[in-house]
A.B. asks: 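Below is one structure. I have some questions about it.
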Amino acid sequence: MMKKLTLDFYTRKDVIQIARDLIGKILVTHLPEGITSGRIVETEAYMGLTDRASHSFGGRRTARNEHMYASGGSSYVYICYGMHQMFNVVTNEKDVPDAVLVRALEPLEGVEIMLKRTGKKKLDYTLTRGPGNLGKALGIHKGLSGLDLRDERLFIADDGFNAKPEDIVVTKRIGVEPAGKDALLPYRFILRNNKYVSARKS
DNA sequence: CCGGGGATTATCT
DNA sequence: GATAATCCCCGGC
């Protein structure tokens, strides 16, 4: 049974714990094309103010990252490299810009719709592996930034799946080398042995 | 298997 | 004008 995560899940202060807890949950979009969903198998935590890899490091606040400062339980979607729609879960209280980047899903509902959106011919591990790919497959775009994650169009739910603690692997984050020593922080969580996890070395 | 580079454009300086 | 929380393809071994 699917149960939307409630606000108290998101407003906790420990973004690292929330990133870990999101492993195994289900991300759902219900847009005009239909319902698409997938199980979250890879996340990264971004510790707003103190994390050089975060868009909001040092309190930086611009039109792009404004939604990071919303209260926990809303979305932050931004465009990377001019073409990829990156989906983040905003956590903590209002004005504390912590967020979790969702990096990979295992497809569940609406595979046909995802194939149409991505132009792929058949389901394989590339459909929802990597933040750019999953954003495209689920139809996520900048216009969905700032939504409450209990919205009908975009929400996260629990279906009772419970990852064993030993099946959650922790590594450093991907693609954040310019952040210097902060790039080495153990803020990435993946579900062990899942083929949809982005395949780069940790 | 691995590294290099091009795609493509919103965003910020 | 430079950069970017990426992805894909290609060539070399």
Side-chain angles (χ1 to χ4, degrees), chain A residues 15-16 18-20 22-23 27 38 40-70 72 74-92 96-107 114-146 149 154 156 169-191 194-202:
Chain A
V15 66
I16 314 300
I18 295 172
R20 178 186 289 269
L22 280 169
I23 296 293
L27 175 61
I40 296 170
V41 298
E42 176 176 357
T43 61
E44 283 179 357
Y46 285 82
M47 278 254 272
L49 299 176
T50 61
D51 178 355
R52 287 187 179 279
S54 169
H55 291 161
S56 52
F57 172 67
R60 184 183 173 78
R61 192 161 182 162
T62 67
R64 175 177 71 155
N65 72 8
E66 179 60 29
H67 289 142
M68 287 188 86
Y69 289 84
S74 54
S75 65
Y76 169 47
V77 182
Y78 71 92
I79 296 175
C80 183
Y81 290 95
M83 61 185 123
H84 302 296
Q85 311 279 340
M86 313 282 275
F87 171 73
N88 296 253
V89 175
V90 176
T91 72
N92 212 317
V96 180
D98 293 348
V100 177
L101 172 67
V102 177
R103 292 189 54 88
L105 303 175
E106 177 176 337
M114 297 192 220
L115 291 172
K116 186 178 284 187
R117 283 182 181 138
T118 56
K120 292 179 190 291
K121 296 278 189 291
K122 62 179 177 55
L123 172 61
D124 68 14
Y125 66 90
T126 67
L127 185 63
T128 51
R129 179 186 73 162
N133 289 332
L134 80 86
K136 193 170 185 183
L138 292 211
I140 291 170
H141 56 85
K142 200 178 60 165
L144 299 175
S145 193
L149 288 175
L154 175 63
I156 299 177
V169 181
V170 187
T171 78
K172 69 180 183 182
R173 294 172 293 183
I174 302 291
V176 294
E177 290 75 11
K181 64 176 169 49
D182 285 353
L184 302 177
L185 293 168
Y187 286 179
R188 175 170 175 251
F189 298 91
I190 62 185
L191 190 57
N194 188 282
K195 63 182 173 180
Y196 292 93
V197 168
S198 63
R200 301 192 212 174
K201 67 168 59 158
S202 54

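Because the structure is a prediction, the values reported are computed rather than measured. Lettering follows sequence order; numbering is per chain, from 1.
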A.B. asks: NE2 of A:His84 versus P of B:dT11: gap in Å, rounded?
C.D. replies: 15 Å
A.B. asks: Name every residue in residues 45-60 of chain A that has at least one heavy atom under 4.0 Å from any atom of DNA chain C, in order of residue number, or write none if there are no such residues.
C.D. replies: A:Tyr46, A:Ala53, A:His55
A.B. asks: Checking A:Thr126 now: which residues fulfil side chain to side chain donor-acceptor pair (under 3.5 Å) with it, not counting sequence neighbours?
C.D. replies: A:Lys120, A:Asp124
A.B. asks: Contact class for A:Thr126 (heavy atom, under 4.0 Å): base, sugar-phosphate, or nothing?
C.D. replies: nothing
A.B. asks: If you go through the side-chain atoms of A:Tyr81, does one of them form a donor-acceptor pair with the base of B:dA10 closer than 3.5 Å?
C.D. replies: no
A.B. asks: Should we count CZ of A:Phe57 as having more than 12 external heavy atoms under 6.0 Å?
C.D. replies: yes
A.B. asks: Would you mind reading off the distance between A:Tyr76 atom OH and B:dT11 atom P, rounded to a whole angstrom?
C.D. replies: 9 Å
A.B. asks: Check for me whether A:Arg173 meets the cation-pi criterion with A:Tyr46, that is, NZ or CZ under 6.0 Å from the six-membered ring centre and within 45 degrees of the ring axis.
C.D. replies: yes
A.B. asks: Donor-acceptor pair, A:Ser56 side chain versus A:Met68 backbone, under 3.5 Å?
C.D. replies: no
A.B. asks: Give the nucleotide from the list C:dA5, B:dA10, B:dT8 with an atom nearest to the side chain of A:Arg64.
C.D. replies: C:dA5
A.B. asks: Among B:dA7, C:dC8, C:dT6, which nucleotide has an atom closest to any side-chain atom of A:Asn133?
C.D. replies: C:dC8
A.B. asks: Return no unless some side-chain N or O of A:Lys142 is found under 4.0 Å from OP1 or OP2 of B:dT11.
C.D. replies: yes
A.B. asks: Contact class for A:Met83 vs. all strands (heavy atom < 4.0 Å): base, sugar-phosphate, or nothing?
C.D. replies: base
A.B. asks: Starting at atom CE of A:Met86, determine the distance to atom C1' of B:dT11, rounded to an integer number of angstrom.
C.D. replies: 15 Å
A.B. asks: Going by the rule side chain to side chain contact (heavy atoms under 4.5 Å, CB included), which residues pair with A:Leu123 if we only count those two or more places apart in sequence or in a different chain?
C.D. replies: A:Pro107, A:Val111, A:Leu127, A:Tyr196
A.B. asks: Write down the distance between CG (A:Leu134) and P (C:dT6), rounded to a whole number of angstrom.
C.D. replies: 12 Å
A.B. asks: According to salt bridge (Lys or Arg N to Asp or Glu O under 4.0 Å), who are the partners of A:Arg61, at least two apart in sequence or on a separate chain?
C.D. replies: A:Glu66, A:Asp95
A.B. asks: Convert the base pairs of DNA chain B into dot-bracket notation, remembering that pairs crossing earlier ones are written with [ ] and that bases paired across to another strand are shown as |; include only Watson-Crick or G-U pairs under 3.5 Å.
C.D. replies: |||||||.||||.
A.B. asks: With rounding to the nearest 0.5 Å, note down the distance linking OG1 in A:Thr91 to CG in A:Asp98.
C.D. replies: 4.5 Å
A.B. asks: Check the distance between B:dT8's P and A:Gln85's CD and give it to me in whole angstrom.
C.D. replies: 16 Å
A.B. asks: In whole Å, what is the span from the CG atom of A:Asn65 to the P atom of B:dT13?
C.D. replies: 11 Å
A.B. asks: Could you state the atom-to-atom distance from CZ of A:Phe189 to C1' of C:dA5 in whole Å?
C.D. replies: 16 Å
A.B. asks: Rounded to whole Å, how long is the line connecting atom CD1 of A:Ile79 with atom C1' of B:dC12?
C.D. replies: 14 Å
A.B. asks: Could I get the full list of salt bridge (Lys or Arg N to Asp or Glu O under 4.0 Å) partners for A:Arg20, not counting sequence neighbours?
C.D. replies: none
A.B. asks: Is it the case that A:His67 and A:Tyr78 place a side-chain donor and acceptor less than 3.5 Å from each other?
C.D. replies: no
